[in-house]
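Taking it in order: structure first as structure tokens, then the write-up.
None of these values were measured; they are calculated from a predicted model. Every chain is numbered from 1 and lettered A, B, ... according to where its sequence line falls, protein lines coming before strand lines.
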Number of protein chains: 2
Amino acid sequence: MKTNNNIYPAGLYSFQDECLSLLTGVLNVSKAVTYLVDNQRKPICYKTWQLQPAMHRQYMDTFYKVDPLHPTQFVEQTGITVVKMNDLVNSQERYNHPYYRDFISPWGVQDIVELFLRVDNKLIAGFALFISKQQPEMRSEDIRKAQQLHQFMQFSLEQSLDAPKHNQFENFCDQFQLTPKERMVVELVSQGLPNKTIAAGLDCSLATVKTHLQHIFCKTGVNSKAEITSQLYNQH
Amino acid sequence: MKTNNNIYPAGLYSFQDECLSLLTGVLNVSKAVTYLVDNQRKPICYKTWQLQPAMHRQYMDTFYKVDPLHPTQFVEQTGITVVKMNDLVNSQERYNHPYYRDFISPWGVQDIVELFLRVDNKLIAGFALFISKQQPEMRSEDIRKAQQLHQFMQFSLEQSLDAPKHNQFENFCDQFQLTPKERMVVELVSQGLPNKTIAAGLDCSLATVKTHLQHIFCKTGVNSKAEITSQLYNQH
DNA sequence: CAGGGTATCAACCAGAAGGTTGATAAAGGG
DNA sequence: CCCTTTATCAACCTTCTGGTTGATACCCTG
């Protein structure tokens with residue numbers, strides 16, 4: 001299997017700029033910061049927007065250690081894409097949490113919304129959006145917008161990726177809990193083969209292939225072989 | 001050597017979906033429609049969001065002729081990217097303009113914001129966002145957000161032109177010298193669409209789609225739609 | 001102006017694919 | 001031992017696709 005450690009699309013650096021500009025231009029935030037994540041999960045390539053240099057320095061020196069959303073601490077395994085910090089840490093905890101009490105609160109920040117971009121489920125970039133105490137609280141409607149923006153950023157990222165992702169096939173099959181035989185059918189369908197050839201390949205009758213296909217269609221909500229292939233290569 | 005003036009990125013069809021979802025999810029609009037523009041500047045592949053089918057039909061039958069922003073009428077040379085219709089046509093003119101008086105006003109629309117995507121300064125897609133009379137008027141702040149979204153969409157579009165996936169698509173089409181319409185058919189086929197939907201998208205008859213397909217099969221040596229998709233993304 | 005390339009559409013047919021119902025059988029878990 | 005899951009197959013019908021023939025129309029080029 002290809003070790004795909006070149007998951008950074010060319011131009012990720014400018015992609016990051018564009019994303020930051022998009023987020024700060026559309027959402028009502030007071031400051032923002034973005035970073036990339038290297039394969040040791042270390043944040044690199046920080047870029048800030050209206051963030052006080054002193055605040056950033058303080059973070060880099062000290063408070064990254066207690067950042068509840070720091071990539072090395074925040075579980076990559078949770079598929080979280082958009083998170084509002086005040087939803088993650090309840091108000092009791094916040095009161096005594098050094099990150100809140102000693103860092104963001106003194107800097108006039110009431111809440112942080114963080115967005116994560118992933119490739120092959122691996123964290124590659126993050127965006128932290130700061131809401132100041134002078135601003136209204138983030139409503140669920142605002143979070144919805146953030147999620148919408150995230151979705152598009154993620155889509156855009158995937159479009160510019162190197163080739164099809166190696167585990168697209170597995171993702172697809174796992175997602176819909178396909179059985180071993182069904183996976184084999186999907187594999188052959190993705191080669192553009194007619195049912196007769198698939199039957200020959202699997203050494204079973206045409207009827208059996210059709211039955212498998214019916215089950216696949218049912219499980220995946222797709223309704224033609226053509227769509228399966230399309231899904232496989234155009235996942236987002 | 002034929003200059004290949006095809007500037008459609010691969011996956012434009014789903015890109016369009018994502019853009020529509022982004023715009024309607026982030027901006028406060030009541031309905032929306034998007035279209036691609038073929039090389040005769042004809043709008044194709046319409047997709048609507050909360051737009052009454054009857055309203056769309058009325059447009060397609062009649063009012064496209066007087067649409068101040070119709071691609072065939074609206075000057076492509078102006079580099080306009082985001083435009084608010086009420087800024088383009090003054091209130092005096094609006095009063096007697098059939099498009100306002102007889103079409104959008106009776107449908108309860110007070111204003112339309114239109115976004116254009118270009119490649120090499122050539123119009124390739126448009127998005128019309130409808131603001132209903134029940135909604136507050138579009139402020140300059142809202143337009144700024146629309147411009148911000150446009151900027152990112154345009155960026156994302158240009159990124160995808162450099163993407164490996166796009167190159168594969170181009171290679172395939174160039175290799176067999178497919179015509180612009182044939183390429184469009186290939187694009188839609190790769191989305192797993194049935195011929196009927198492709199015909200609807202391209203605003204032509206089923207027979208025409210079949211003919212295009214025959215030519216594609218003949219040129220490429222492939223003999224099914226399923227194989228096309230597979231070939232597109234499985235070239236060595 | 002003739003001819004090639006492109007785009008359009010119709011009619012027809014054979015075969016493939018999709019959808020449904022129903023049935024059998026082996027494997028595994030509670 | 002029953003029940004579920006998985007895999008297998010048949011028959012039937014509808015719809016979609018592929019293949020073919022033939023035709024019109026436009027544009028551009030020689």
Side-chain angles (χ1 to χ4, degrees), chain A residues 173-174 176-232, chain B residues 1-8 36-45 60 71-72 173-232:
Chain A
C173 295
D174 288 347
F176 300 108
Q177 303 201 40
L178 302 189
T179 69
K181 260 291 156 45
E182 283 163 2
R183 281 162 200 251
M184 244 172 278
V185 171
V186 168
E187 166 72 24
L188 297 180
V189 164
S190 79
Q191 306 297 311
L193 302 176
N195 292 347
K196 205 193 288 182
T197 311
I198 296 175
L202 298 182
D203 193 28
C204 66
S205 82
L206 190 58
T208 307
V209 174
K210 285 171 148 194
T211 307
H212 284 312
L213 279 172
Q214 280 306 315
H215 293 161
I216 294 166
F217 294 157
C218 184
K219 284 182 180 176
T220 61
V222 147
N223 42 50
S224 77
K225 283 164 53 182
E227 259 184 81
I228 291 178
T229 313
S230 165
Q231 293 275 340
L232 237 36
Chain B
M1 170 142 160
K2 185 172 62 175
T3 55
N4 174 11
N5 57 1
N6 180 54
I7 36 75
Y8 270 44
L36 304 181
V37 181
D38 73 6
N39 42 357
Q40 276 87 45
R41 284 204 211 159
K42 185 183 161 194
I44 53 173
C45 295
M60 298 300 282
T72 56
C173 295
D174 288 348
Q175 188 182 346
F176 301 109
Q177 303 204 37
L178 301 188
T179 70
K181 260 293 152 48
E182 284 162 3
R183 282 162 197 251
M184 226 165 297
V185 172
V186 169
E187 161 72 19
L188 299 184
V189 164
S190 80
Q191 303 295 314
L193 302 176
N195 293 347
K196 205 194 287 181
T197 310
I198 296 175
L202 299 182
D203 193 29
C204 67
S205 82
L206 192 58
T208 306
V209 174
K210 285 169 147 197
T211 306
H212 284 312
L213 278 172
Q214 279 307 313
H215 293 161
I216 294 166
F217 293 157
C218 182
K219 285 180 180 176
T220 62
V222 148
N223 41 51
S224 78
K225 283 164 57 184
E227 259 184 83
I228 292 179
T229 314
S230 165
Q231 290 278 326
L232 263 184

Between [atom2] of [N] and [atom1] of [X], the distance in whole Å:
X: A:R183; N: D:dA7; atom1: CZ; atom2: P; result: 11 Å
X: B:Q214; N: D:dT21; atom1: CD; atom2: P; result: 11 Å
X: A:N195; N: C:dG19; atom1: CG; atom2: P; result: 12 Å
X: B:H212; N: C:dT6; atom1: NE2; atom2: P; result: 11 Å
X: B:I216; N: D:dT17; atom1: CD1; atom2: P; result: 14 Å
X: B:E227; N: D:dG18; atom1: CD; atom2: C1'; result: 12 Å
X: B:H215; N: C:dT6; atom1: NE2; atom2: P; result: 10 Å
X: B:L206; N: D:dC16; atom1: CG; atom2: C1'; result: 9 Å

DNA chain D: 5'-proximal contact among B:N223 and A:K181 (nearest heavy atom):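 Nearest nucleotide further toward 5': that of A:K181.
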Any N/O donor-acceptor pair, A:T211 side-chain to D:dC9 base, under 3.5 Å: yes
Side-chain-base donor-acceptor pair under 3.5 Å for B:K210 and D:dG18: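 Answer is yes: a donor-acceptor pair is held.
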Closest nucleotide among [options] to the [X] side chain:
X: B:K196; options: C:dA7, D:dA7, D:dC16; value: D:dC16
X: A:K225; options: D:dC9, C:dG18, D:dC16; value: C:dG18
X: A:F217; options: C:dG19, D:dC9, C:dC9; value: C:dG19
X: B:P180; options: C:dT20, C:dC9, C:dA7; value: C:dA7
X: A:L213; options: D:dG19, C:dT6, C:dG18; value: C:dG18
X: B:S205; options: C:dC9, D:dC9, D:dA7; value: C:dC9
X: B:P194; options: C:dT8, D:dC16, C:dG19; value: D:dC16

Side-chain donor-acceptor contact under 3.5 Å, A:T208 with A:S205: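 Distance-only check passes for A:T208 and A:S205.
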Touch class at under 4.0 angstrom, heavy-atom based, for B:T208 against every strand present: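 Counting heavy atoms under 4.0 Å across all strands, the contact made by B:T208 includes a base.
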Residue-phosphate contact under 4.0 Å: B:T179 side-chain N/O, C:dA7 OP1/OP2: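 Yes, within the criterion.
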B:L178 backbone acceptor or donor facing B:K219 side chain under 3.5 Å: no
Check ion pair B:D174-B:R183 (N to O, under 4.0 angstrom):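 Yes, this pair counts.
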Closest approach of B:L193 to B:I198 (non-hydrogen atoms, all atoms of both residues): O-CD1, 3.7 Å
Side chain proximity check, B:I228 to B:F217, heavy atoms < 4.5 angstrom: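 Yes, their side chains come closer than 4.5 Å.
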